[in-house]
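Scroll down for the structure; my scribbles are underneath it.
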Amino acid sequence: MRTPHGPGAFVAHTGTDVYGPGKVIGVDGVHRRVRFTRFVATIRADDLRAASPAEAREVRAWLRDRRERYGGSW
């Protein structure tokens, strides 16, 4: 069975851009734990879409900034 939006996938919410784009950090059945650029949330996979190339760049830049600023694994 294919798991849509598996760990490491860059995603965005289908209904709102309030969350900002994000990266999937965990999978639990139909739910995805996503580190959005504004916070972390658990969202149904059906409510996510693949991030556009521009959104994926935004997430990568945000993650890079956090690693440089705070260290660790984001």
Side-chain angles (χ1 to χ4, degrees):
M1 182 171 96
R2 181 180 167 271
T3 302
H5 314 301
F10 293 107
V11 295
H13 195 274
T14 57
T16 181
D17 62 357
V18 172
Y19 301 106
K23 182 177 180 180
V24 176
I25 58 175
V27 173
D28 183 18
V30 297
H31 294 95
R32 302 298 177 263
R33 189 77 175 155
V34 180
R35 179 178 303 283
F36 289 103
T37 56
R38 293 172 180 77
F39 55 86
V40 175
T42 300
I43 306 285
R44 286 186 53 91
D46 294 347
D47 293 331
L48 296 171
R49 62 172 173 78
S52 70
E55 290 168 328
R57 281 191 303 274
E58 181 181 340
V59 175
R60 285 186 187 101
W62 184 88
L63 291 169
R64 184 175 47 253
D65 179 58
R66 293 305 176 269
R67 279 190 299 271
E68 290 171 0
R69 188 177 296 184
Y70 305 112
S73 175
W74 286 80

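All residue numbers refer to positions in the sequence shown, counting from 1.
Thr42 is not listed as a side-chain neighbour of Asp28, based on a closest heavy-atom distance of 4.5 Å or more. With contacts defined as side-chain heavy-atom distances shorter than 4.5 Å, the pair Arg35/Leu63 qualifies.
Across all their heavy atoms, Glu55 and Ala50 have their closest contact at OE1-O, 4.5 Å. Minimum heavy-atom separation, Val11 to Val24: CG1-CG2, 3.9 Å. Nearest approach of Gly6 to Val27, heavy atoms of both residues: CA-CG2, 4.2 Å. Nearest heavy-atom pair across Gly20 and Thr37 is CA-OG1, 3.7 Å.
From Arg33, atom CZ reaches atom CD1 of Ile25 across 6.0 Å, with rounding to the nearest 0.5 Å. With values rounded to the nearest 0.5 angstrom, Asp46 atom CG is found 9.5 Å from His31 atom NE2. Residue Arg49 holds its CZ atom at 14.0 Å from CZ of Phe10, rounded to the nearest 0.5 Å.
Hydrophobic clustering (ILVMFWY, side-chain heavy atoms < 4.5 Å, transitive): Leu48 and Phe39 are in one cluster.
One N or O on the side chain of Arg32 and one on the backbone of Pro4 form a donor-acceptor pair closer than 3.5 Å.
Ring geometry, His13 versus Tyr19: the interplanar angle falls from 30° to 60°, so the pair is classed tilted.
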